[in-house]
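To start, the structure itself, in structure tokens.
Chain letters run A, B, ... following the sequence lines, proteins first, then strands; residues in each count from 1.
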Protein chains: 2
Amino acid sequence: MATGRTHRPATRSRGIPEATVARLPLYLRALTALSERSVPTVSSEELAAAAGVNSAKLRKDFSYLGSYGTRGVGYDVEYLVYQISRELGLTQDWPVVIVGIGNLGAALANYGGFASRGFRVAALIDADPAMAGTPVAGMPVQHTDDLEKIISDNGVSIGVISTPAGAAQQVCERLVAAGVTSILNFAPTVLSVPDGVDVRKVDLSIELQILAFHEQRKAGEEAPDDGVVPPVAAKQQRKGPDGDVPAVMPA
Amino acid sequence: MATGRTHRPATRSRGIPEATVARLPLYLRALTALSERSVPTVSSEELAAAAGVNSAKLRKDFSYLGSYGTRGVGYDVEYLVYQISRELGLTQDWPVVIVGIGNLGAALANYGGFASRGFRVAALIDADPAMAGTPVAGMPVQHTDDLEKIISDNGVSIGVISTPAGAAQQVCERLVAAGVTSILNFAPTVLSVPDGVDVRKVDLSIELQILAFHEQRKAGEEAPDDGVVPPVAAKQQRKGPDGDVPAVMPA
DNA sequence: CTGTGTGAATGCATTCACAGCG
DNA sequence: CGCTGTGAATGCATTCACACAG
């Protein structure tokens with residue numbers, strides 16, 4: 001997951017649980033694929049398999065949106081595509097700006113998955129004036145100085161931050177001050193934002209670290225200890241050798 | 001957040017809840033920053049703020065690792081860095097391969113956050129033979145034909161997939177067959193893998209869609225309806241106009 | 001007297017299992 | 001009769017609040 005928001009209590013939104021909202025895009029993707037193959041209807045079982053969840057969860061999720069299925073039959077693909085799109089707000093066009101056009105920012109600018117889902121890259125912004133010369137993904141790279149003007153001229157409410165960590169908080173503040181209320185953060189920093197602004201973060205190295213955790217366990221516990229924690233010990237035992245603590249973290 | 005695994009029941013790992021594991025990298029990042037500023041100790045309150053969580057959660061999380069704090073004082077920064085690194089398996093070196101060297105794959109290859117946390121990019125792999133000519137991030141791009149050999153020669157157990165969606169499942173199967181047991185998937189597809197293989201996915205457009213959902217709500221509900229669902233209606237009312245369903249999804 | 005560590009309480013999310021619609 | 005929609009049951013995660021270690 002690279003999922004995660006900062007701030008804001010888990011107020012469920014218009015009755016739809018966060019966990020469900022996070023899965024709607026998955027369903028939408030699976031449905032879009034079915035739609036392209038002209039499949040007219042689909043059962044919860046089939047769709048769940050395509051989306052990688054179990055069918056009970058899917059039916060529960062859909063029940064929050066309304067009664068869109070037909071008992072004994074399944075769901076109408078086109079209709080569901082429309083309903084979920086509408087629920088997610090994808091029936092409108094969302095202009096976004098990408099700030100920080102390094103390797104990652106450029107990759108994002110070129111990423112087709114945005115445009116195909118109602119997100120339009122309205123501008124690319126970078127602090128390096130030298131970048132203004134060469135266009136990225138067919139667009140000019142504009143200078144950070146004009147950030148506020150770009151935001152308001154284009155009515156942007158969603159910003160993507162792919163700057164180095166050090167610049168992210170300041171960029172974030174300028175975006176918010178200029179009117180952005182949703183931020184997708186790729187910089188490895190915790191952003192602090194005022195109430196009413198949503199932040200989601202994607203941290204590439206965090207995902208790998210989580211994998212490493214599980215990977216380590218696979219290697220270690222070939223002989224199952226039955227999962228039970230040793231009665232005492234284990235709680236007392238550790239607690240600083242108090243001298244040999246190595247500076248293990250690489251750089 | 002782009003978090004999420006496919007398959008495998010939520011068996012908590014060695015007594016540490018998944019939700020806690022997912023936060024350990026955040027704590028580690030905050031601690032590393034403190035360590036670099038030579039801060040010797042930190043309270044749960046301070047560290048929580050730096051990591052963007054609340055202090056009760058942080059203390060509970062740490063309690064799963066052991067008793068590493070000192071009451072009335074706080075936590076020893078260096079010691080915690082070491083313990084969390086060890087818990088996450090970052091005290092060892094993890095060779096990874098990146099398959100699919102497009103814009104995103106290249107950005108990942110250049111991403112500094114991997115190397116600095118014990119992940120070593122052992123090889124870049126792409127299906128396009130033309131890519132073999134020009135190195136990316138100072139490394140040669142190798143051809144998919146050699147995938148199996150590269151995996152076993154380098155003892156790779158973690159693979160990153162940044163191919164187009166269409167190629168992902170097949171690449172995944174070859175990685176798994178060659179011995180990879182953890183996969184970080186950037187392709188917008190559900191991967192199916194055998195038991196014992198972990199998959200985490202990062203889907204850029206999903207994150208934006210979740211933001212759009214909340215953004216839409218902000219725009220709509222300026223006059224608060226008190227959050228209560230209208231008594232009846234709302235459940236019955238929708239259900240297909242059954243004719244005017246537009247093909248709304250943009251291409 | 002400060003701040004950790006943790007039982008107990010609360011609140012979500014997932015899963016079960018089945019009534020009942022089409 | 002098949003498959004949706006949903007109450008009820010279960011299982012996690014978060015939060016509270018406080019005993020007690022240093």
Side-chain angles (χ1 to χ4, degrees), chain A residues 1 3-5 7-13 15-24 26-27 41-49 51-77 79-80 83 229 234-236 238-240 242, chain B residues 1 3-5 7-13 15-24 26-27 41-49 51-77 79-80 83 229 234-236 238-240 242:
Chain A
M1 154 174 230
T3 288
R5 68 142 37 79
H7 237 233
R8 162 176 289 209
T11 4
R12 88 169 32 169
S13 310
I16 302 180
E18 264 304 305
T20 294
V21 172
R23 279 187 296 266
L24 291 181
L26 280 175
Y27 301 143
T41 61
V42 66
S43 70
S44 63
E45 202 70 55
E46 293 163 332
L47 182 53
V53 303
N54 73 44
S55 65
K57 198 185 293 189
L58 177 143
R59 287 201 304 280
K60 180 64 98 178
D61 283 343
F62 285 179
S63 79
Y64 293 115
L65 308 183
S67 275
Y68 293 153
T70 307
R71 292 172 191 234
V73 177
Y75 300 91
D76 181 288
V77 172
Y79 186 61
L80 247 195
Q83 289 300 344
V229 186
K235 188 72 69 51
Q236 217 79 318
R238 269 159 202 168
K239 190 63 196 177
D242 229 40
Chain B
M1 164 186 97
T3 286
R5 68 140 36 77
H7 234 235
R8 163 175 290 206
T11 4
R12 88 168 33 170
S13 312
I16 302 180
E18 264 304 303
T20 295
V21 172
R23 281 187 295 267
L24 292 181
L26 281 176
Y27 301 143
T41 62
V42 66
S43 70
S44 63
E45 203 70 55
E46 293 162 333
L47 182 54
V53 303
N54 73 45
S55 65
K57 197 184 292 187
L58 177 143
R59 287 201 304 279
K60 179 64 94 178
D61 283 343
F62 285 180
S63 79
Y64 293 116
L65 308 184
S67 276
Y68 293 153
T70 306
R71 295 178 189 227
V73 177
Y75 300 92
D76 180 289
V77 171
Y79 185 62
L80 248 194
Q83 290 299 344
V229 187
K235 188 73 69 54
Q236 216 80 316
R238 272 165 197 165
K239 188 67 199 177
D242 230 38

- Given B:Tyr68 and B:Tyr79, is the ring pair (Phe, Tyr, Trp, His ring centres under 6.0 Å) satisfied, shown in steps? CA-CA 8 Å; B:Tyr68 293 153; B:Tyr79 185 62; 5.6 Å; yes
- Message: Pair B:Ile16, B:Leu65 - check side chain to side chain contact (heavy atoms under 4.5 Å, CB included), show working.
- Response: CA-CA 7 Å; B:Ile16 302 180; B:Leu65 308 184; 3.6 Å; yes
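Residue A:Tyr75 places at least one side-chain N or O closer than 4.0 Å to OP1 or OP2 of D:dG5. For the pair A:Ser44 and D:dT4, the criterion of a side-chain N or O lying under 4.0 Å from OP1 or OP2 is met.
Spacing between atom CG of B:Leu58 and atom C1' of C:dT6 amounts to 14 Å, rounded to whole angstrom units. Computed from coordinates, the A:Phe62 CZ to D:dC3 P distance equals 16 Å when rounded to whole Å. Between A:Glu46 atom CD and D:dC3 atom C1' there is a gap of 11 Å when expressed in whole angstrom units. Rounded to whole angstrom, the span from the CD1 atom of B:Ile16 across to the C1' atom of D:dT14 amounts to 18 Å.
With DNA chain C read from its 5' end, the first of the two nearest nucleotides for B:Gly74 and A:Asp61 is the one closest to B:Gly74.
Partner of B:Leu47 under the side-chain contact (heavy atoms from CB on, under 4.5 Å) criterion, chosen from B:Thr41, B:Val77, B:Leu80: B:Leu80.
Closest approach of A:Tyr75 to A:Gly69, counting heavy atoms only: CD2-CA, 3.4 Å.
For A:Ala48, the side chain to side chain contact (heavy atoms under 4.5 Å, CB included) criterion is met by A:Val53, A:Ser55, A:Leu58, not counting sequence neighbours.
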- Item | Per-nucleotide protein contact string for nucleotides 15-22 of chain D (B base, S sugar-phosphate only, - none; heavy atom under 4.0 Å) | B-B-BBBS
